[in-house]
> 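Starting off with a structure, shown below.
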Amino acid sequence: MRVAGPWTHRHVSANGIRIHLAEAGPPDGPLVVLLHGFPEFWWTWRHLVPLLAGRGYRVVAPDLRGYGDTDKTPRGYDLWTLAGDCAGLVRALGERRAHVVGHDWGAAIGWSVAALHPRLIASLTGLGAPHPTTMRDALLRDPLGQGRASRYMAGFQVPRRPERTLRADGGARVERIMRAWAGRDWIGTEDFADALRRNREAIRISTVAHCSLEYYRWAVRSQLRSDGRRFARDVSGPVRVPVLQVHGADDPCVLDATMRATRRFAGAGFTHHALPATGHFTHEERPTHVGALVGAFLDRVGGR
């Protein structure tokens, strides 16, 4: 999974695990942490890493806990621990603060870090996923809209069988998921074909399929337990940093209305961009546009 490119690879110990990351840009530049989502790994940021590094930022793209070359622990897939992984990574890199950019689960982690470790976050950019509490509320209040769009999560709650289907036939289900979630302009391109190949390989690494599904299992099952209520309470306040959201208008699994409802958690400024003819993978489908939006946002909020 250590794909060669205009970056270097290394491991960093943080929050009790070894985290693999790709890094680029000047070592004294403002730190930007890029957090990927499902069903991908750090390589999803292949376009944004050089774009942001070229603007003078120190950019790191880690594999999340349970993915790629990062440790695959038997537990720790709750948002408290995952936020702790990000916070620990910032400290391990010798920085006091970082700009966090997250996609999908990476966005949920970014919101959690901003709420639970506010002194470590300079700004937050969320792609393809809202604040975790916004998603929970949308699932309950809009069962025919966001509930229907998120029904795939129910299938992930069954033990063992989802893992087998993700690994079967060389990771063919990952391809089906990406085709269903991607915008029509990206499907059929050489870049899309490369993404399918890389992500099908990544899901077949030992235990990655199981670890990636544990994120969804905690998210759903915790709603019936005290830890879910406690987490919702701990992240309920508005974050203290500027927030940028970029969303695909054709995203079939997260509705634009759900994304916009996140505004109530952004206490220090909120900007939302909905990109037409774009699906769930905004930063891969429209890398130049998204890179420009993110770069301009970082520059504006004092990143340089």
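As a basis for the values below, the full set of heavy atoms in this structure was taken, side chains included, without hydrogen atoms, waters or symmetry mates. Keep in mind that what you see is a predicted model, and the values were worked out from it rather than measured.
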> What's the spacing between Q223 CD and L140 CG if we round to 0.5 Å?
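The CG atom of L140 is 7.5 Å from CD of Q223, to the nearest 0.5 Å.
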
> W7 and W42: aromatic ring centres closer than 6.0 Å?
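Yes.
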
> How long is the span from the CG atom in D234 to the CH2 atom in W80, to the nearest 0.5 Å?
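D234 atom CG to W80 atom CH2 measures 6.0 Å (nearest 0.5 Å).
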
> Where is the tightest heavy-atom contact between I203 and S212, given as atom of each residue plus distance?
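Smallest interatomic distance, heavy atoms only, reads CD1-OG, 4.1 Å.
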
> Which residues pass the salt bridge (charged side-chain N to carboxylate O under 4.0 Å, His left out) test with D85, not counting sequence neighbours?
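With neighbours one apart ignored, the set is R65.
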
> Taking atom CZ of R18 as the centre, does the number of heavy atoms from other residues, nucleotides or ligands within less than 6.0 Å exceed 12?
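No.
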
> Determine, using the 4.5 Å side-chain heavy-atom cutoff (strictly less than), whether M1 and W43 are members of one ILVMFWY cluster.
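Yes; tracing contacts between hydrophobic side chains, which count when under 4.5 Å, links both residues.
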
> Taking side-chain hydrogen bond (donor to acceptor under 3.5 Å, both in side chains) as the test, write out the residues that go with T165, two or more places apart.
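R173.
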
> For R225, enumerate each residue passing the salt bridge (charged side-chain N to carboxylate O under 4.0 Å, His left out) test, keeping only those at least two apart in sequence or located in another chain.
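Scan of R225 (salt bridge (charged side-chain N to carboxylate O under 4.0 Å, His left out), adjacent residues dropped) gives D227.
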
> Under 3.5 Å, side chain of T207 to main-chain N/O of H210, donor-acceptor pair present?
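Here the side-chain-to-backbone pair does not exist.
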
> Just how far is it from atom CZ of R233 to atom CZ of R229, taken to the nearest 0.5 Å?
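So the gap between those two atoms works out to 10.0 Å.
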
> Using modelled atom types only, decide if a donor and an acceptor are shared between the side chain of Q157 and the backbone of M153 within a distance under 3.5 Å.
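Indeed, once roles are kept as given, a pair shorter than 3.5 Å links the two residues.
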
> Of all heavy-atom pairs between G147 and L139, which one has the smallest distance, and what is that distance?
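Closest pair (atom of G147, atom of L139, distance): CA-CD2, 3.9 Å.
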
> Please walk me through it: do F270 and T262 pass side-chain contact (heavy atoms from CB on, under 4.5 Å)?
CA-CA 9 Å; F270 178 83; T262 288; 4.3 Å; yes

> Does a side-chain N-to-carboxylate-O contact under 4.0 Å join D137 and R264?
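Here D137 pairs with R264 in a salt bridge, since their nearest N and O are under 4.0 Å apart.
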
> Should F231 and V220 be counted in the same cluster of Ile, Leu, Val, Met, Phe, Trp and Tyr side chains packed under 4.5 Å apart?
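No.
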
> So if you build clusters from Ile, Leu, Val, Met, Phe, Trp, Tyr with side-chain heavy-atom gaps below 4.5 Å, do V3 and V208 land together?
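As far as the 4.5 Å side-chain criterion goes, V208 and V3 are connected within one cluster.
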
> Determine, using ring centers only, whether Y216 and W105 are less than 6.0 Å apart.
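So the answer is yes for these two rings.
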
> What side-chain donor-acceptor pairs closer than 3.5 Å can you find for residues 20-40, not counting sequence neighbours?
unit_1: H20; atom_1: ND1; unit_2: D63; atom_2: OD2; d: 2.8
unit_1: H20; atom_1: NE2; unit_2: H9; atom_2: ND1; d: 2.9
unit_1: E23; atom_1: OE1; unit_2: R10; atom_2: NE; d: 2.9
unit_1: E23; atom_1: OE1; unit_2: R10; atom_2: NH2; d: 3.3
unit_1: E23; atom_1: OE2; unit_2: R58; atom_2: NE; d: 2.8
unit_1: E23; atom_1: OE2; unit_2: R58; atom_2: NH2; d: 3.2
unit_1: H36; atom_1: NE2; unit_2: L64; atom_2: N; d: 3.0
unit_1: E40; atom_1: OE1; unit_2: T44; atom_2: OG1; d: 3.0
unit_1: E40; atom_1: OE2; unit_2: T44; atom_2: OG1; d: 3.4
unit_1: E40; atom_1: OE2; unit_2: N199; atom_2: ND2; d: 3.3

> Can you name the residues that form a side chain to side chain contact (heavy atoms under 4.5 Å, CB included) with R164, not counting sequence neighbours?
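Only R160, R161, R167 meet the side chain to side chain contact (heavy atoms under 4.5 Å, CB included) criterion with R164.
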
> What I'd like to find out is whether the side chain of D299 reaches to under 4.5 Å of the side chain of Y57, using heavy atoms alone.
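Side chain of D299 against side chain of Y57, heavy atoms only: contact under 4.5 Å found.
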
> Looking at residues at least two apart in the chain, or sitting in another chain, which of them share a side-chain hydrogen bond (donor to acceptor under 3.5 Å, both in side chains) with S150?
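With neighbours one apart ignored, the set is Q146.
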
> I'd like to know if the side chain of E214 reaches the main chain of Y77, judged simply by a donor and an acceptor atom lying under 3.5 Å from each other, with no hydrogens or angles considered.
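No: the side chain of E214 does not pair with the backbone of Y77.
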
> Looking only at heavy atoms, what is the nearest atom pair of P132 and L79, with distance?
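Distance-wise, the nearest heavy atoms are CG-CD1, 3.9 Å.
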
> How far does CD of E284 sit from OG1 of T278, to the nearest 0.5 angstrom?
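Nearest 0.5 Å value for the CD-OG1 distance: 12.5 Å.
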
> Can you name the nearest heavy-atom pair linking I109 to C86, along with the distance?
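Looks like CG2-CB, 4.4 Å.
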
> Measuring from L196:CG to M178:CE, what's the distance to the nearest 0.5 Å?
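It is 5.5 Å, given to the nearest 0.5 Å.
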
> Please give me the minimum heavy-atom distance between L51 and G291, naming the atom from each residue.
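Taking L51 first and G291 second, the nearest heavy atoms are CD1-CA, 4.2 Å.
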
> Taking side-chain hydrogen bond (donor to acceptor under 3.5 Å, both in side chains) as the definition, give me every residue that meets it alongside D191, ordered by chain and number, with sequence neighbours left out.
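Residues passing side-chain hydrogen bond (donor to acceptor under 3.5 Å, both in side chains) with D191: R46, H47, W186.
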
> Which residue pairs satisfy the side chain to side chain donor-acceptor pair (under 3.5 Å) criterion with at least one member in residues 107-132, sequence neighbours excluded?
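Matches after skipping sequence neighbours: H99-S123.
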
> Once the angle between the rings of Y152 and F156 is folded into 0 to 90°, is it parallel (under 30°), tilted (30 to 60°) or perpendicular (over 60°)?
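Rings of Y152 and F156: perpendicular, over 60°.
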
> Applying salt bridge (charged side-chain N to carboxylate O under 4.0 Å, His left out), name anything that partners D78, two or more places apart in sequence or on another chain.
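D78: no salt bridge (charged side-chain N to carboxylate O under 4.0 Å, His left out) contacts found.
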
> Taking salt bridge (charged side-chain N to carboxylate O under 4.0 Å, His left out) as the test, write out the residues that go with R2, two or more places apart.
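Once residues adjacent in sequence are excluded, the partners of R2 under the salt bridge (charged side-chain N to carboxylate O under 4.0 Å, His left out) criterion are D69.
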
> Decide if atom CZ of R148 counts as having more than 12 heavy atoms of other residues, nucleotides or ligands within a radius under 6.0 Å.
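Check fails, neighbour count at 12 or below.
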
> For R300 and T271, run side-chain contact (heavy atoms from CB on, under 4.5 Å): C-alpha distance rounded to whole Å, both residues' side-chain angles, the deciding distance at 0.1 Å, then the answer.
CA-CA 12 Å; R300 178 171 57 83; T271 305; 3.9 Å; yes

> Is a donor on one side and an acceptor on the other found under 3.5 Å between the side chain of T189 and the backbone of I187?
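Here the side-chain-to-backbone pair does not exist.
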
> Roughly how far apart are H273 NE2 and L127 CG, rounded to 0.5 Å?
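Interatomic distance, H273 NE2 to L127 CG, rounded to 0.5 Å: 11.5 Å.
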
> Report the C-alpha distance between Y215 and L82 in whole Å, list the side-chain angles of each, state the deciding distance to 0.1 Å, and finish with yes or no for side-chain contact (heavy atoms from CB on, under 4.5 Å).
CA-CA 9 Å; Y215 287 62; L82 297 167; 3.4 Å; yes

> Report the residues that fulfil side-chain hydrogen bond (donor to acceptor under 3.5 Å, both in side chains) with D185, sequence neighbours left out, ordered by chain and then residue number.
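Listed in chain order: R286.
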
> Please tabulate, for the side chains in residues 237-255, all donor-acceptor contacts under 3.5 angstrom to protein atoms that are two or more places apart in sequence or on a different chain.
unit_1: Q245; atom_1: NE2; unit_2: M259; atom_2: O; d: 2.9
unit_1: Q245; atom_1: NE2; unit_2: H272; atom_2: ND1; d: 3.1
unit_1: H247; atom_1: NE2; unit_2: V254; atom_2: O; d: 2.8
unit_1: D250; atom_1: OD2; unit_2: R184; atom_2: NH1; d: 3.3
unit_1: D251; atom_1: OD1; unit_2: C253; atom_2: N; d: 2.9
unit_1: D251; atom_1: OD1; unit_2: V254; atom_2: N; d: 3.3
unit_1: D251; atom_1: OD1; unit_2: H280; atom_2: ND1; d: 3.4
unit_1: D251; atom_1: OD2; unit_2: H280; atom_2: ND1; d: 2.7

> Quick one: does R97's side chain have a donor or acceptor within less than 3.5 Å of a partner on L120's backbone?
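The answer is no, because no donor-acceptor pair under 3.5 Å joins these two groups.
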
> Might you point out which heavy atoms bring T134 and F265 nearest each other, and give the distance in Å?
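The pair with the smallest heavy-atom distance is OG1-CE1, 3.2 Å.
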
